[in-house]
Number of protein chains: 2
Amino acid sequence: MESQDLRRAGLKVTLPRMKILEILERRQGDHHMSAEDVYKALLEAGEDIGLATVYRVLTQFEAAGLVTRHHFEGGQAVFELAGKEHHDHIVCNQCGRIFEFQNETIEQCQEKVAREAGFLIRDHSLILYGDCQRPNCAYRAQGQGRGKSPASPGRARGSKS
Amino acid sequence: MESQDLRRAGLKVTLPRMKILEILERRQGDHHMSAEDVYKALLEAGEDIGLATVYRVLTQFEAAGLVTRHHFEGGQAVFELAGKEHHDHIVCNQCGRIFEFQNETIEQCQEKVAREAGFLIRDHSLILYGDCQRPNCAYRAQGQGRGKSPASPGRARGSKS
DNA sequence: CGCGGAAATGAAAAATCTTCTCATAGCGCT
DNA sequence: AGCGCTATGAGAAGATTTTTCATTTCCGCG
């Protein structure tokens, strides 16, 4: 009954919002989805929901605290269901795999640094970019251009510095 | 003689590249500039350099390690001259002021976390968003839309979570 | 100091990602 | 079931960044 989630968030229960919430909840594996990912999943599920609505709804969900938005490299924002503990991310440059972690020491240092600098922290973004050393990591030829990433598995981009 | 910087970076010494480098070096105050900022500064300096060139050159500078690109919230990437020590950023949600900091403990924790997760870190991005508590912070009315930020002082956006 | 070729530039078009507009449809309440 | 307000869909519009391609500029060389 995720309609309760919507009502609780002060959002009218509509079919598009229900379906999008379902997509986010039922997602297996990597639960980080771009608006486009959600849109495609809806199409596959036979739902006729516009991309504009997906963006709108995801933004509302974010405002309501139902989802969290991340700006990984690659231009597209990705969303994940909130609810679990706060965590940060490691993104594989090669295959796009995403690892989540929590580190209390880092959190505390951030607080301390901000306090000393005279800031009141509202939010933060910590993303590590690297190569996951797993054998099945979808290594692509070095010097890849900036072509479109394959549909599903990875949203990797070239590394920096 | 910043032409040496260019040659050293393996880039042909051209007028646009020189001028852009100058803009970045001469910049007083907040040295974080978007491509648009650089473009406008060039116009003010009487240089007739296209925006496409600015983007191209900044990207080359980044590849050459001359500048670093950051993706703060707000959609626009910002650049700063590299060369100084590595550092992370605190961005004021209200006035856009940027504070830089270094924290060895955080760096070490990141390394440790990544190692334990089986990642080889190539890069990272740590950005804290908050409110600088200074009296002259350009507080804007709450619930600001998402209009264009005023030219120079701030590129603040609404906060999250 | 002018030449020639490779590389860089400018302008405009295109590509991407996201938001806005507005007419229509749907939800919640009575 | 009916009403009013909000949400939606489709497409246009906006914002940022990249690409295309004809022209210009830089650099090594005579």
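Below, read A as the first sequence line, B as the second, and so on, with proteins coming before strands; counting in each chain starts at 1.
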Student: Between B/His89 and B/Glu80, does any side-chain donor sit less than 3.5 Å from a side-chain acceptor?
Tutor: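 Yes, because at least one side-chain N or O of B/His89 sits under 3.5 Å from a partner of the opposite role on B/Glu80.
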Student: Apply salt bridge (charged side-chain N to carboxylate O under 4.0 Å, His left out) to the pair A/Glu44 and A/Lys40, showing each step before the final yes or no.
Tutor: CA-CA 6 Å; A/Glu44 280 171 28; A/Lys40 278 189 249 168; over 6 Å; no
Student: Parallel, tilted or perpendicular: which fits the ring planes of B/Phe101 and B/Phe99, with parallel below 30° and perpendicular above 60°?
Tutor: parallel
Student: To the nearest Å, how far apart are A/Ile20 CD1 and D/dT8 P?
Tutor: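 Spelled out: CD1 on A/Ile20 to P on D/dT8 is 7 Å.
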Student: Could you check whether any side-chain N or O of A/His124 sits under 3.5 Å from a backbone N or O of A/Arg122, counting only pairs where one atom can act as donor and the other as acceptor?
Tutor: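 A pair under 3.5 Å: no.
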Student: Would A/His86 and A/Gln102 count as having a side-chain donor-acceptor pair, cut-off 3.5 Å?
Tutor: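 No.
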Student: Check the distance between D/dA7's P and A/Leu21's CG and give it to me in whole angstrom.
Tutor: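 From A/Leu21 CG to D/dA7 P: 16 Å.
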Student: When the axes are fitted on five pairs at both termini, how much does the helix from C/dC1-D/dG30 to C/dT30-D/dA1 curve, in 10° steps?
Tutor: 30°
Student: Base, backbone or nothing for each nucleotide of nucleotides 3-9 of chain C, written B, S, -, heavy atoms under 4.0 angstrom, 5' to 3'?
Tutor: ----SSB
Student: Assess, by modelled atom type and distance only, whether the side chains of A/Glu73 and B/His71 contain a donor and an acceptor separated by less than 3.5 Å.
Tutor: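 No, B/His71 and A/Glu73 have no side-chain donor paired with an acceptor closer than 3.5 Å.
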Student: Is there a donor-acceptor contact under 3.5 Å linking the side chains of A/His32 and A/Glu100?
Tutor: yes
Student: Any base atoms under 4.0 Å from A/Ala77, or only sugar-phosphate, or nothing? Heavy atoms, all strands.
Tutor: sugar-phosphate
Student: Rounded to the Å, how far apart are B/Leu6 CG and D/dC26 C1'?
Tutor: 13 Å
Student: Quickly work out the B/Tyr39 OH to D/dT17 C1' distance and round it to whole Å.
Tutor: 14 Å
Student: Separation of A/Glu73 atom CD from C/dT16 atom P, in whole Å?
Tutor: 18 Å
Student: Is a salt bridge present between A/Arg97 and A/Asp30, judged by a nitrogen-to-oxygen distance below 4.0 Å?
Tutor: no
Student: Expressed as a whole number of angstroms, how long is the span from A/Gln76:CD to C/dA15:P?
Tutor: 16 Å
Student: May I have the distance from B/Leu43 (atom CG) to C/dA11 (atom P), rounded to whole angstrom?
Tutor: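 In whole Å, C/dA11 P and B/Leu43 CG are 10 Å from each other.
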Student: Going by atom types only, do B/Arg17 and B/Thr53 share a side-chain donor-acceptor pair under 3.5 Å?
Tutor: no
Student: Taking OP1 and OP2 of D/dT18, is either one under 4.0 Å from a side-chain nitrogen or oxygen of B/Tyr55?
Tutor: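 Result: no.
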Student: Check the distance between D/dC26's P and B/Lys19's NZ and give it to me in whole angstrom.
Tutor: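 Atom-to-atom, B/Lys19 to D/dC26, this comes out as 12 Å.
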